[in-house]
Q: 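Pasting in a structure now, in structure tokens, and then I'll have a few things to ask.
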Amino acid sequence: TPCGGLFLCPNGTECREEWEGPQWGITCFDNFGQAMLTVFQCITLEGWTDMLYWIHDSQGNTWQFIYFVTMVVLGAFFVMNLILGVLSGEFSKEKEKAQSRGDFQRLRAQQQMEEDLQGYIDWITQAEEMA
């Protein structure tokens with residue numbers, strides 16, 4: 001972890017000025033894109049505790065846990081379930097639409113077959129009358 005804030009390097013380690021950050025610099029809040037990726041990582045519950053500990057180490061063990069616990073509770077347990085519920089509802093609507101289209105196509109094919117059969121019967125009847 002980077003030195004700064006209230007973090008003190010343990011004995012036998014060397015603190016350096018520049019560090020790209022955890023996970024080769026991907027997990028950070030340095031710009032909007034990486035911040036959104038980091039928040040997504042936290043609300044999917046993949047490594048959010050590591051992120052919390054990295055923040056604690058770099059900024060000091062103060063009130064950062066409130067942000068992360070709130071993000072996990074609201075993001076992971078509420079927003080993610082809300083998104084999954086909406087997606088599930090949309091897929092079930094599309095499934096119903098596809099089934100209704102299938103029913104209509106089967107009904108139309110049956111009507112076409114009945115019309116063809118009636119035309120064949122009419123043709124046979126006319127042929128018998130001529131004979």
Side-chain angles (χ1 to χ4, degrees):
T1 58
C3 295
L6 301 176
F7 183 75
L8 299 175
C9 293
N11 290 336
T13 60
E14 177 182 340
C15 289
R16 298 183 180 173
E17 289 297 319
E18 292 295 322
W19 181 61
E20 61 187 6
Q23 299 173 344
W24 301 279
I26 295 172
T27 304
C28 65
F29 293 96
D30 290 345
N31 60 49
F32 184 75
Q34 288 179 319
M36 293 307 298
L37 183 63
T38 302
V39 168
F40 179 75
Q41 176 185 349
C42 291
I43 66 174
T44 57
L45 303 178
E46 292 295 324
W48 75 274
T49 54
D50 294 332
M51 177 58 66
L52 173 65
Y53 294 140
W54 289 326
I55 300 274
H56 275 221
D57 288 345
S58 67
Q59 300 299 315
N61 193 3
T62 54
W63 297 97
Q64 295 89 356
F65 72 91
I66 292 175
Y67 171 75
F68 283 95
V69 170
T70 304
M71 181 172 48
V72 165
V73 168
L74 292 179
F77 301 130
F78 179 71
V79 174
M80 290 296 277
N81 285 328
L82 182 65
I83 290 170
L84 291 175
V86 168
L87 285 175
S88 175
E90 289 299 318
F91 278 121
S92 65
K93 286 180 188 176
E94 288 300 319
K95 182 179 177 184
E96 289 174 8
K97 287 180 184 177
Q99 285 177 344
S100 67
R101 282 192 299 263
D103 292 343
F104 174 74
Q105 289 173 347
R106 280 192 295 275
L107 180 62
R108 181 67 185 126
Q110 183 180 3
Q111 288 175 346
Q112 185 66 37
M113 185 174 281
E114 289 173 359
E115 290 173 4
D116 292 343
L117 181 61
Q118 186 61 40
Y120 180 70
I121 291 173
D122 291 343
W123 179 71
I124 296 271
T125 305
Q126 287 177 357
E128 287 177 350
E129 289 175 357
M130 293 174 83

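Below, each value reflects all heavy atoms present in this structure, side chains not excepted, and no hydrogens, waters or symmetry copies.
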Q: Only one of Gln105, Arg106, Gln110, Gln112 clears side-chain contact (heavy atoms from CB on, under 4.5 Å) with Arg108; which?
A: Gln112

Q: Which residues pass the salt bridge (Lys or Arg N to Asp or Glu O under 4.0 Å) test with Lys95, sequence neighbours left out?
A: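 Testing Lys95 for salt bridge (Lys or Arg N to Asp or Glu O under 4.0 Å), a comparison that skips the adjacent residues, returns none.
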
Q: What are the two closest non-hydrogen atoms of Phe68 and Cys42, and how far apart are they?
A: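 Heavy atoms of Phe68 and Cys42 come nearest at CE2-SG, 3.9 Å.
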
Q: How far does CG of Leu37 sit from CZ of Phe32, to the nearest 0.5 angstrom?
A: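 If we round to the nearest 0.5 Å, Leu37:CG and Phe32:CZ are 12.0 Å apart.
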
Q: Between Asp122 and Gln126, does any side-chain donor sit less than 3.5 Å from a side-chain acceptor?
A: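 Side chains of Asp122 and Gln126: no pair found under 3.5 Å.
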
Q: Just to verify, what does Ile66 make a side-chain contact (heavy atoms from CB on, under 4.5 Å) with, not counting sequence neighbours?
A: Trp63, Thr70

Q: Mind listing the closest non-hydrogen atom pair of Trp48 and Val72 along with its distance?
A: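 That would be CD2-CG2, 3.5 Å.
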
Q: How long is the gap from OG on Ser88 to CD1 on Ile83, to the nearest 0.5 Å?
A: 13.5 Å

Q: Taking Gln41 for its side chain and Glu46 for its backbone only, find out whether a donor-acceptor pair lies under 3.5 Å.
A: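 Answer holds: yes.
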
Q: State whether the side chain of Thr38 and the backbone N or O of Gln34 hold a donor-acceptor pair below 3.5 Å, judged by distance alone.
A: yes

Q: Between Met51 and Phe77, is there a shared hydrophobic cluster once you connect ILVMFWY residues whose side-chain heavy atoms come closer than 4.5 Å?
A: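 Yes; Phe77 is reachable from Met51 via cluster members.
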
Q: Count I, L, V, M, F, W, Y as connected when their side-chain heavy atoms are under 4.5 Å apart, and connections chain through other members. Are Leu82 and Phe91 then in the same cluster?
A: no

Q: Can we say Lys93 and Glu96 salt-bridge, meaning some charged N sits less than 4.0 Å from an Asp/Glu carboxylate O?
A: no

